[in-house]
Amino acid sequence: MAIGAVALVVLAVVAEALRQGADAKRLSGPTLRQLGVKRGVVIGTAVRGDVWQHNKAYRQLIGEQFGSVTPENEMKWAVIEPERGTFEFKAADEIVAAAEQAKQEVRGHTLVWHNQLPGWVSGLDAKDLRAATAAHIRRVMGHYRGRIAIWDVVNEALTDLGGLRRSPFLKLGRDYIAWAFGIAHGADPKARLHINEVGADGINAKSDRLYEIVRSLKARGVPIDGVGLQMHVNLAGVPPTFVDNMRRFAALGVELSITEADVGLRLPPSAADLRAQARVYATIVRGCLAVSACKTLTFWGYTDGRSWISETQPGMGAATLLDKELRPKPAFRAVQRALEAGQPARTP
């Protein structure tokens, strides 16, 4: 390669590094992480390992802005145990190590879920599935023992009508949720164990059933510590019973987490859409701040450049706090202001 060409390549690399560094400094004011500490709520984000590896600005903002991280896919069964007994921890290990260096909590996501399962799981009979599930929980949690603050032990177990979802895990019996929590507690007694659910953020048939499950688990002494409410919403906003729903779960003696908050928009969004999105995000934050048992609030990604909404829902996107260039949207400023304002008093 000619010297001139080499120089151009070097200049391009330097320019990209400077651009990424500049992008990471565009967010002015106190960080979400700092504001969360002030309010007693850990503010987190889902992390995409492939982006984390290759984008310096993305990594830098995660460390600066958030007090916890959730590997978006790297701990799911199909990724971490693609073949029975063969575990691939490298991608998740890198995220966990970076979080530890940044003094962030890690939320493990997820152990028992009907989706993103390797093909070999669905073909197992009940006895073999029980052995494989127990081995999976013990191996994964054992690998990270003492390093993961919260585990989503069981994820999306219910239908919208409140029944148990038809999944391979029903082969284990209708009490498989309690069984899974028992295995998880044995694998890492110090980790906080949560059940995580979508569409249960307001009072409805699904959250009613979830409430009864959690109440029963607590009454039986099953080691469940918390409930995760995912909060995938749109401009229709949060359910009006959102705070009341959290309060009834809190009365059972469990902590609450908002685990996967995003606000999807139709593409392309107008300026009015972005302002409306900001109001929805502020409502989510204020709801968490209103209930003292709401200990963590995790956004499901923080940049429109990498969001599951745009990747899985045609015509939808722009669901996060920052745009594709990592610039703050009205939603980011609204979250900042809501955290800065806080609440006059937090109720149980």
Side-chain angles (χ1 to χ4, degrees), residues 23-47 52 57-70 72 95 98-107 149-150 192 201 226 228-233 237-238 242-243 246-247 250 255-263 274-304 307 319-323 325-348:
D23 285 344
K25 295 177 181 177
R26 290 176 181 172
L27 306 185
S28 60
T31 68
L32 303 186
R33 179 176 185 168
Q34 293 168 335
L35 292 169
V37 170
K38 184 177 180 181
R39 299 302 172 196
V41 178
V42 179
I43 305 298
T45 184
V47 174
W52 180 88
Y58 180 87
R59 291 195 305 274
Q60 183 177 336
L61 285 173
I62 289 169
E64 291 176 353
Q65 290 292 329
F66 301 102
S68 76
V69 297
T70 304
E72 187 168 333
I95 294 172
E100 289 173 333
Q101 186 173 7
K103 295 180 170 54
Q104 295 166 310
E105 290 186 354
V106 180
R107 187 181 190 100
I150 301 173
R192 285 136 61 200
D201 34 318
L229 303 173
Q230 293 188 17
M231 298 298 294
H232 294 296
V233 297
V238 304
F242 168 46
V243 172
M246 285 197 293
R247 285 177 176 149
E255 67 179 358
L256 279 299
S257 293
I258 296 172
T259 56
E260 303 182 21
D262 52 30
V263 182
L274 294 173
R275 291 192 296 270
Q277 180 188 55
R279 291 192 291 271
V280 176
Y281 267 115
T283 300
I284 293 172
V285 174
R286 288 194 294 267
C288 179
L289 294 180
V291 181
S292 60
C294 186
K295 301 297 186 183
T296 62
L297 195 171
T298 298
F299 301 104
W300 206 239
Y302 69 92
T303 166
D304 292 343
S307 167
T320 73
L321 303 179
L322 308 184
D323 68 13
E325 301 300 324
L326 302 180
R327 294 174 299 207
K329 295 160 58 180
F332 180 85
R333 301 302 183 199
V335 167
Q336 267 187 327
R337 289 193 295 270
L339 287 169
E340 285 176 323
Q343 290 284 331
R346 301 186 78 191
T347 63

Asker: Looking at Ile62, is its backbone amide N or carbonyl O close enough to the side chain of Gln104 to form a donor-acceptor pair, meaning the two atoms are under 3.5 Å apart?
Answerer: yes
Asker: Aromatic rings Trp300 and His232: how do their planes relate, parallel, tilted or perpendicular, breaks at 30° and 60°?
Answerer: perpendicular
Asker: Between Arg192 and Glu105, is there a side-chain heavy-atom distance shorter than 4.5 Å?
Answerer: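 Side chain of Glu105 against side chain of Arg192, heavy atoms only: contact under 4.5 Å found.
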Asker: Val233 vs Val280, test: side chain to side chain contact (heavy atoms under 4.5 Å, CB included). Steps then yes/no.
Answerer: CA-CA 9 Å; Val233 297; Val280 176; 3.9 Å; yes
Asker: Could you report the tightest heavy-atom contact between Cys288 and Leu297, atom names first, then the distance?
Answerer: CB-CD1, 4.1 Å
Asker: Work out which heavy atom in Ala282 is nearest to a heavy atom in Ala338; give both atom names and the distance.
Answerer: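 Residues Ala282 and Ala338, closest heavy atoms: O-CB, 4.2 Å.
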Asker: What I'd like to find out is whether the side chain of Leu27 reaches to under 4.5 Å of the side chain of Leu326, using heavy atoms alone.
Answerer: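 No, too far: nothing below the 4.5 Å cut-off.
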Asker: Using the side-chain hydrogen bond (donor to acceptor under 3.5 Å, both in side chains) criterion, which residues pair with Glu100? Sequence neighbours excluded.
Answerer: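 Counting only residues at least two positions away or on another chain, Glu100 forms a side-chain hydrogen bond (donor to acceptor under 3.5 Å, both in side chains) with Arg147.
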Asker: Could you check whether any side-chain heavy atom of Val106 comes within less than 4.5 Å of a side-chain heavy atom of Ser68, counting everything from C-beta outward?
Answerer: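 They are not in side-chain contact.
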Asker: So do Thr283 and Val285 actually touch side chain to side chain, heavy atoms under 4.5 Å?
Answerer: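 No - every pair of side-chain heavy atoms lies 4.5 Å or more apart.
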Asker: Can you tell me how far CG of Leu35 sits from CD of Glu340, rounded to the nearest 0.5 angstrom?
Answerer: 5.5 Å
Asker: Between Gln336 and Ser28 (side chain of the first, backbone of the second, donor and acceptor by atom type, cut-off under 3.5 Å), is there such a pair?
Answerer: yes
Asker: Side chains of Arg33 and Ile43: does their closest heavy-atom pair fall under 4.5 Å?
Answerer: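 No; the side chains remain at least 4.5 Å from each other.
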Asker: As an exercise, state the distance from OG of Ser292 to CE of Met246, rounded to the nearest 0.5 Å.
Answerer: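 That separation rounds to 10.0 Å.
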Asker: Would you say the side-chain atoms of Thr303 pair up with the backbone N or O of Asp323, donor to acceptor, closer than 3.5 Å?
Answerer: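 Checking the backbone N and O of Asp323 against the side chain of Thr303, a donor-acceptor pair under 3.5 Å is found.
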Asker: In Å and rounded to the nearest 0.5 Å, what is the OG1 to CZ distance from Thr298 to Phe66?
Answerer: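 If I round to the nearest 0.5 Å, the distance is 9.5 Å.
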Asker: Going by the rule side-chain hydrogen bond (donor to acceptor under 3.5 Å, both in side chains), which residues pair with Gln277 if we only count those two or more places apart in sequence or in a different chain?
Answerer: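 Once residues adjacent in sequence are excluded, the partners of Gln277 under the side-chain hydrogen bond (donor to acceptor under 3.5 Å, both in side chains) criterion are Lys329.
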Asker: Between Phe242 and Ile284, which heavy-atom pair has the shortest distance, and what is it?
Answerer: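 Shortest heavy-atom separation between Phe242 and Ile284 comes out as CE2-O, 4.0 Å.
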Asker: Answer yes or no: is there a side-chain heavy-atom contact under 4.5 Å between Lys295 and Glu255?
Answerer: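 Sidechains of Glu255 and Lys295: in contact.
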Asker: Would you say Ile150 and Thr296 make side-chain contact, with heavy atoms under 4.5 Å?
Answerer: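 They are in side-chain contact.
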Asker: Do any N or O atoms from the side chain of Tyr302 and from the backbone of Tyr58 form a donor-acceptor pair under 3.5 angstrom?
Answerer: yes
Asker: Which atom names give the shortest non-hydrogen contact between Val69 and Ala99, and what distance separates them?
Answerer: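 Looking at all heavy atoms of both residues, the shortest contact is CG2-CB, 3.7 Å.
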Asker: Can you check side-chain hydrogen bond (donor to acceptor under 3.5 Å, both in side chains) on Asp304 and Thr320, steps first, answer last?
Answerer: CA-CA 6 Å; Asp304 292 343; Thr320 73; 2.7 Å; yes
Asker: With rounding to the nearest 0.5 angstrom, report the CD to OG1 distance, Glu260 to Thr45.
Answerer: 11.0 Å
Asker: For Val335 and Leu32: C-alpha separation, side-chain torsions, deciding distance, then whether side chain to side chain contact (heavy atoms under 4.5 Å, CB included) applies.
Answerer: CA-CA 8 Å; Val335 167; Leu32 303 186; 3.9 Å; yes
Asker: Name all residues meeting the side chain to side chain contact (heavy atoms under 4.5 Å, CB included) criterion together with Thr259; count only those two or more places apart in sequence or in a different chain, and write none if there are none.
Answerer: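 Partners of Thr259 under the side chain to side chain contact (heavy atoms under 4.5 Å, CB included) test: Arg107, Asn196, Gln230, Ser257.
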Asker: Counting the benzene-type ring for Trp, do Phe332 and Tyr281 have ring centres under 6.0 Å apart?
Answerer: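 Phe332 vs Tyr281: aromatic centres not under 6.0 Å.
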Asker: Decide yes or no on side-chain hydrogen bond (donor to acceptor under 3.5 Å, both in side chains) for Glu64 and Gln60, but give the supporting numbers first.
Answerer: CA-CA 6 Å; Glu64 291 176 353; Gln60 183 177 336; 3.1 Å; yes
Asker: Locate the shortest heavy-atom distance separating Pro330 from Leu274; write the atom from each residue and the value.
Answerer: CB-O, 3.9 Å
Asker: Could you report the tightest heavy-atom contact between Gly342 and Leu289, atom names first, then the distance?
Answerer: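 What the structure gives for the nearest pair is CA-CD1, 3.8 Å.
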